[in-house]
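Written out below as structure tokens is the structure these notes cover.
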Amino acid sequence: MRLPVWLAGSVFVALLVGTAPGLHAQATNFPDKPPLLVGAAWYPEQWPESRWDQDLALMQAAHIDVVRVGEFAWSTMEPAEGQYNFAWLDRAIALAAKHHICVVLGTPTAAPPDWLTTKYPQTLRVEADGRRAEHGNRVQFSFTDPLYRKFAHDIAEQMAIHFGHNPDVVGWQLDNEYGEPDFGPSAQQQFHQWLEKKYGTIANLNRRWATAYWSQTYDNFDEIPVRATDENPALLLDWKRFVSDVWKSYSLNQISAIRPHADPRQFITTNTMGWFDGFNEYTVHSVLDIAAWDDYIDSDHYDYLENGARHDLTRGYKMKDFWVMETEPAFVNWRPTNTPLQKGQVRDMAWQAVGHGANTVEYWQWRSAPNGQEEYHGTLLGADGTPVPVYYEIQQVGKEFAAAGPEIAGTSPHSEVALVNDYDSRWAITFQKHSAGFDPVAEMLAFYRPLRTQAQAVDIISIETPLDGYKLVELPALNVISQSMADRLMAYVRQGGHLLLGPRTGMKDEDNALQPERQPGPLADFLGGRVDQYYALDTNVPVSGAFGDGTANIWAEQLQVESPDTKVLMTYGKSNGWLDGQPAAITRKVGQGTITYVGAWFDAATMSRMTAQLLDEAGVKPVLTDVPEGVEVCRRSDGQKSILILINHNATEEHVALPEPMRELIDEPGTVNAVDLPEYGVAVLEAEK
Ligand code: GAL
């Protein structure tokens with residue numbers, strides 16, 4: 001098979017130029033910049049130049065150290081085809097530097113200019129329903145179109161030639177929030193090439209996809225439809241994997257333009273969207289230097305555990321500290337009712353980000369554009385150009401980051417427990433939910449919440465991550481499993497690890513086909529037990545046993561023990577007849593390790609008791625004991641230094657006793673044995689050396 005030109009070129013250049021080093025526990029690779037940064041998204045192109053200095057002075061007064069600029073400014077950077085204008089950006093960066101503010105440059109490819117898409121309409125994305133996107137919003141481009149790749153490469157290259165050695169540019173953001181795929185001719189053609197490369201012959205594809213079902217049998221690769229829903233589950237899974245590979249090559253296309261012209265200290269990243277499952281983040285991050293995400297509260301109220309999980313997820317993309325590239329200055333404009341964070345919660349969220357491994361928190365946005373789709377979004381300045389109330393809270397964050405940054409520099413969060421996030425499995429379940437309430441992210445969070453509360457640190461990792469350093473590894477639903485994954489999991493248990501498998505684990509193979517054995521498939525013999533049958537639930541079912549009395553809902557599996565040393569932990573009570581009296585959770589000891597299988601989605605209290613037992617068995621201790629509910633404990637360390645970040649997410653004052661005297665880093669200087677945290681209060685403390 002012939003590789004598309006852009007793909008072959010990108011891979012070649014990437015091999016030639018390598019990548020920038022990842023960041024180690026500091027915001028940038030530039031020693032003259034502060035280690036912990038507060039920032040804002042700034043759009044100088046939207047304002048008269050005469051206003052810039054005033055804006056930057058107000059930023060400096062708020063202790064803002066970094067601005068992200070450029071990511072939607074294509075029509076200003078290249079007003080007509082091939083005519084580049086960076087002089088305004090040179091001046092904006094120089095003026096920012098005068099105010100001690102450094103810059104992350106966004107490539108503007110999420111918003112192509114009108115001249116481009118009008119002259120070359122094939123660069124416009126085609127929606128799943130066949131409609132072509134139009135100019136006027138953003139993200140209207142085709143991620144597979146070779147001509148769009150060429151324009152994206154050219155603008156990124158011109159920017160890099162211009163700014164790649166600017167000492168005030170610390171990094172690059174590619175595009176903005178990758179997300180929308182293309183279903184048009186270029187995507188179809190490349191999907192077919194991708195499938196041909198993977199399967200070799202159409203006969204092989206037909207066999208692995210079992211296309212005799214409903215006469216789906218194909219004679220040629222180019223007959224295969226391009227669909228994201230309502231299709232053969234093998235096709236759907238391959239479509240997602242293809243989309244992931246395309247976003248990776250989309251990244252490489254721009255990386256190959258930037259890297260040869262850029263100071264190796266300038267990192268290259270993109271800004272991601274938490275649990276968004278449009279593509280596999282681990283695939284895309286394999287070619288990025290650091291991870292960064294946009295932290296927005298997408299429900300009506302800030303749920304700190306849910307938000308913390310998304311930080312941990314992002315940290316897991318590179319297993320390193322990360323950036324919060326965007327977050328809300330109290331509210332957004334895109335929810336049905338855009339309730340604000342409470343006063344104090346913006347600061348609470350900033351410190352939570354740092355507690356989970358962020359070294360930069362950037363607010364979106366500095367000031368609302370004079371017009372445009374986002375006029376109601378939260379900002380730091382009002383339409384009159386003077387601060388709105390949240391400016392002062394962010395100013396406090398800036399002051400505190402500056403005070404504590406030098407001590408926090410070099411430290412990172414560390415965890416003895418891990419949760420596995422697997423895109424193939426999440427996709428496979430979402431394609432065939434079977435029980436409407438079975439949202440794989442909600443299920444993941446049901447495992448995460450008690451783990452985070454009790455262990456006070458959790459890594460969210462990919463199935464490829466080495467497991468040796470963990471005492472407890474939980475796989476909430478590893479639905480798609482290969483023999484090699486099963487082998488690694490068994491080796492982990494044999495070496496003394498504690499493994500927890502959740503419902504729906506080990507049901508599918510890598511083609512999204514049913515495993516030839518009962519669940520958990522290749523782990524069933526090792527577990528000494530199996531799933532006899534699964535049942536979708538719409539009412540509570542009683543459960544009881546080692547984790548106390550509780551209920552299960554949404555999903556329940558009738559388990560069977562097949563080995564004398566496999567023990568039943570939980571049993572169903574009276575239910576649908578099938579489940580009555582049957583095992584709901586089983587476990588087996590293997591040397592010093594254990595493998596435990598939980599076949600049901602338990603209520604929160606039962607999950608909490610289960611977690612306590614597992615942590616105890618695995619020998620995992622919390623950082624602090626007797627912490628009031630709603631007070632989050634985060635520790636960052638470098639092996640020598642130990643920094644505690646305590647965040648009171650409650651609207652009431654809370655008292656926390658410390659196990660040893662600690663030094664205050666953001667409050668009145670001094671050493672304390674306990675802290676009283678006001679509502680949404682934060683303490684940042686360092687253990688005395
Ligand atoms: C993000 C996006 C920003 C801005 C923001 C508003 O998803 O990257 O450009 O639109 O949302 O909340």
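Numbers here simply count residues along the sequence, with the first being 1. Note: hydrogens, waters and symmetry copies are ignored here, and every other heavy atom, side chains too, is used. Read the numbers this way: they start at 1 and go in the same order the structure lists the ligands and their atoms.
- Arg367 forms a cation-pi arrangement with Trp47, by the criterion of a distance under 6.0 Å to the ring centre and an angle within 45° of the ring axis.
- Counting heavy atoms from C-beta outward, Phe72 and Asn176 have side chains that approach closer than 4.5 Å.
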Return a table of donor-acceptor pairs under 3.5 angstrom between the side chains of residues 371-383 and protein atoms on other chains or two or more places apart.
{"residue": "Gln373", "atom": "NE2", "partner": "Gly136", "partner atom": "O", "Å": "3.3"}
{"residue": "Gln373", "atom": "NE2", "partner": "Asn137", "partner atom": "OD1", "Å": "3.1"}
{"residue": "Thr379", "atom": "OG1", "partner": "Leu381", "partner atom": "O", "Å": "2.7"}

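- Of the listed residues (Val170, Val66, Ile290, Thr360), just one forms a side-chain contact (heavy atoms from CB on, under 4.5 Å) with Thr28, and that residue is Val170.
- By the salt bridge (Lys or Arg N to Asp or Glu O under 4.0 Å) test, Lys33 pairs with Asp168, sequence neighbours left out.
- Scanning for salt bridge (Lys or Arg N to Asp or Glu O under 4.0 Å) contacts around Asp295 gives Arg310, with sequence neighbours left out.
- Protein residues lining ligand 1, listed by chain and number: Phe72, Arg138, Asn176, Glu177, Asp294, Tyr296, Glu326, Trp334, Trp364, Glu374, His377 [non-hydrogen atoms, distance under 4.0 Å].
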